[in-house]
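Predicted, not measured: the structure shown is a model, and the values here were computed from it. Both counts, for ligands and for their atoms, begin at 1 and track the order of listing.
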Amino acid sequence: MAGGGFVSDNGGRNYEGGVTGFVIITCVVAAMGGLLFGYDLGISGGVTSMEEFLTKFFPEVERQMHKSIHETAYCKFDNQLLQLFTSSLYLAALAASFFAAMITRSKGRKVSMFIGGLAFLAGALINAFAVNVAMLIIGRLLLGVGVGFANQSTPVYLSEMAPAKIRGALNMGFQMAITIGILVANLINYGTSKMAQHGWRVSLGLAAVPAIVMVIGSFFLPDTPNSMLERGKYEEAREMLQKVRGTTNVDEEFQDLCDAVEAAKKVEHPWKNIMQRRYRPQAVFCFLIPFFQQITGINVIMFYAPVLFKTLGFKDDASLMSAVITGIVNMLSTLVSIGVADRFGRRVLFLEGGIQMITCQFLVGSFIGWKFGFQGAGTLTPVTADFILAFICIYVAGFAWSWGPLGWLVPSEICPLEIRPAGQAMNVSVNMFFTFVIGQFFLTLLCHMKFFLFYFFGIMVIIMTIFIYVFLPETKGVPIEEMGKVWRQHWYWSRFVPDDAVIGAGHGDDNIKNA
Ligand code: BGC
């Protein structure tokens with residue numbers, strides 16, 4: 001979903017054809033999908049910290065906020081309904097992605113993108129004109145449907161349209177678009193918070209702009225050759241491939257596409273397949289990677305940075321500006337990952353990023369504990385506030401060049417064709433589920449666990465870093481059909497993977513469908 005995953009190389013094959021106008025339009029529309037997702041991730045935190053919004057919809061939180069700073073700072077924002085405003089989106093996205101998978105397969109990718117765009121548009125408008133909490137939640141649920149559809153179909157569309165040689169970069173590009181979306185949301189919140197009235201309406205309503213681009217774009221986009229093949233339109237598929245690649249010499253790629261589609265059609269029970277012993281490593285990673293990605297606590301920052309900063313006593317302006325700063329760090333660090341993931345490999349990034357996050361989580365927890373203690377009574381001096389912000393930024397950077405993009409890339413590149421739909425569906429749904437959990441419970445956990453909550457996330461990152469060190473083999477530069485060897489050579493996974501495992505049957509990842 002975020003980052004969509006499932007884009008990897010095609011095992012070293014070089015087909016003819018390069019970056020045509022089609023590919024560029026594809027990138028623009030696909031970027032809208034990422035931007036929208038990022039925008040939704042980033043917008044709710046700032047909005048929930050705006051006084052006018054709180055007074056209107058959550059007056060009890062507002063009252064709590066104005067209690068003396070000497071009372072329970074940790075619990076200021078502990079309100080289930082307020083958290084539901086953020087988290088409901090991810091529950092809807094989880095449910096919608098299953099329908100989206102069916103529609104993407106039977107009706108084609110652009111139909112899904114169109115539905116996603118429409119749902120986004122409706123959600124943004126309902127939110128912008130909301131007069132009660134019900135409208136807020138309904139709007140968020142519709143946005144969730146948009147996320148489910150758009151994030152299920154756009155990465156598939158992207159990976160099928162792009163020439164093989166730029167697919168890896170495009171996968172990371174999708175994550176990049178997410179981080180840009182988050183940053184744009186933070187900037188808009190900063191701007192609208194200065195409006196005398198209705199700033200929050202503008203923040204929520206502006207999501208309509210990329211949604212409109214997506215709706216119109218998906219209307220004009222052609223369907224992918226893979227999708228046409230899936231629906232038995234052979235001649236049309238060949239013509240489309242020629243158009244997209246800008247050359248008539250597409251025989252080899254077309255044959256590979258046909259083979260891959262045929263091979264995938266034979267896979268009747270992708271879920272049963274992935275449960276087989278020989279696919280144990282993939283099943284384990286497709287579950288644990290998205291779980292770990294969310295339990296790093298990153299969305300505490302993405303969702304609740306402004307609220308968190310306000311809890312720590314920052315003024316409105318400073319809270320929203322701090323969110324902008326973390327947004328910039330997030331985006332720039334993702335860029336670093338794009339530059340180095342193929343050079344240094346995945347493991348180094350995971351391990352370095354992990355150590356960086358652990359250090360910062362313990363430091364942030366300790367600073368907060370030192371200043372607020374168990375009672376949550378105290379204030380931050382400007383210097384401590386700056387330190388906390390700096391460590392949060394270093395933590396975000398660590399995430400953004402490790403678990404952020406790799407959390408999507410690795411599950412996609414380890415799954416051979418026959419289990420890819422199941423692997424991908426697992427990755428996306430586990431991710432959405434735990435995104436929901438963090439969104440729904442962070443403020444309550446903060447109220448109960450106080451500064452220990454940051455130690456808890458730190459301990460989780462220690463566990464996942466050790467796990468990666470021990471269990472994840474390096475997958476950098478390994479063609480998809482040779483991935484079997486990587487497991488065979490691994491001290492632990494070799495016991496599950498038989499010698500004869502023909503992993504990665506079919507030709508690369510040209511046939512990508514979600515279960
Ligand atoms: C994660 C999101 C997160 C984002 C931050 C993505 O990879 O899936 O949950 O908000 O990164 O940039």
Side-chain angles (χ1 to χ4, degrees), residues 1-7 31 33-46 86-87 89-91 93-94 97 143-144 147-148 150-152 154-155 171-186 286-306 308 323-338 341 346 349-350 353 357 392-393 395-412 424 426-440 442 457 460-461 464:
M1 199 152 288
F6 46 81
V7 186
L35 266 184
L36 272 167
F37 182 44
Y39 192 85
D40 289 328
L41 280 166
I43 204 73
S44 59
T86 294
S87 70
L89 191 153
Y90 304 94
L91 218 47
L94 174 59
S97 57
L143 291 174
V147 168
N151 282 356
Q152 199 276 339
T154 28
N171 179 319
M172 296 286 222
F174 196 74
Q175 172 74 14
M176 192 67 207
I178 295 173
T179 61
I180 295 174
I182 296 176
L183 176 59
V184 169
N186 293 334
C286 285
F287 181 87
L288 282 183
I289 288 192
F291 166 66
F292 282 154
Q293 192 207 47
Q294 288 307 313
I295 216 78
T296 55
I298 186 63
N299 281 325
V300 164
I301 306 300
M302 296 302 140
F303 293 160
Y304 293 121
L308 183 67
V324 170
I325 296 172
T326 54
I328 294 174
V329 171
N330 187 28
M331 192 193 82
L332 294 180
S333 312
T334 304
L335 215 57
V336 172
S337 194
I338 295 179
R346 284 70 169 134
L349 285 178
F350 269 128
M357 284 193 278
I392 288 183
C393 286
Y395 159 82
V396 168
F399 174 88
W401 58 56
S402 61
W403 285 89
L406 299 181
W408 295 102
L409 183 68
V410 171
S412 78
Q424 188 57 24
M426 197 152 151
N427 184 28
V428 169
S429 34
V430 173
N431 197 298
M432 284 300 115
F433 179 74
F434 286 102
T435 307
F436 160 77
V437 170
I438 297 283
Q440 184 61 42
F442 168 68
F457 285 124
M460 291 313 289
V461 184
M464 64 187 85

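- Each of the atoms 10 (O) of ligand 1 lies under 4.0 Å from some heavy atom of Leu41.
- Ring geometry, Phe287 versus Phe434: the interplanar angle exceeds 60°, so the pair is classed perpendicular (tilted spans 30 to 60°).
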Would you sort out whether Tyr90 and Phe303 count as a ring-ring contact (aromatic ring centres under 6.0 Å, His included), showing the intermediate values?
-> CA-CA 12 Å; Tyr90 304 94; Phe303 293 160; 5.3 Å; yes
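- Ranked by closest heavy atom to atom 6 (C) of ligand 1, the top entry among Gln294, Gln175, Met331, Met176 is Gln175.
- Residue-ligand proximity, Asn330 to ligand 1, at heavy-atom distances under 4.0 Å covers atoms 5 (C), 12 (O).
- When non-hydrogen atoms are compared, ligand 1 lies under 4.0 Å from the side chain of Ile182 (C-beta onward) but not from its backbone.
- Checked by distance only, ligand 1 and Asn299 come closer than 3.5 Å through their nitrogen or oxygen atoms.
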Verify side-chain contact (heavy atoms from CB on, under 4.5 Å) between Ser402 and Met357, making sure each step is shown before the conclusion.
-> CA-CA 10 Å; Ser402 61; Met357 284 193 278; 4.0 Å; yes
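- For ligand 1, the atoms lying closer than 4.0 Å to a non-hydrogen atom of Gln293 are 1 (C), 6 (C), 7 (O), 8 (O).
- At a 4.0 Å cut-off, at least one heavy atom of Gly404 sits close enough to ligand 1 to count as contact.
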Where do Asn330 and Met302 land on the side-chain contact (heavy atoms from CB on, under 4.5 Å) test, with the steps shown first?
-> CA-CA 10 Å; Asn330 187 28; Met302 296 302 140; 3.6 Å; yes
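- Under a 4.0 Å heavy-atom criterion, Trp408 is in contact with ligand 1.
- Under the 4.5 Å side-chain criterion, counting only non-hydrogen atoms from C-beta, Thr86 is not in contact with Phe442.
- Distance check: Ile43 CD1 to Asn186 CG gives 7.5 Å after rounding to the nearest 0.5 Å.
- Near Thr179, meaning under 4.0 Å from one of its heavy atoms, ligand 1 places the atoms 12 (O).
- Using a 4.0 Å heavy-atom cutoff, Phe399 is listed among the residues neighbouring ligand 1.
- Proximity of a side-chain donor or acceptor of Tyr304 to a complementary backbone N or O of Ser44 within less than 3.5 Å is not detected.
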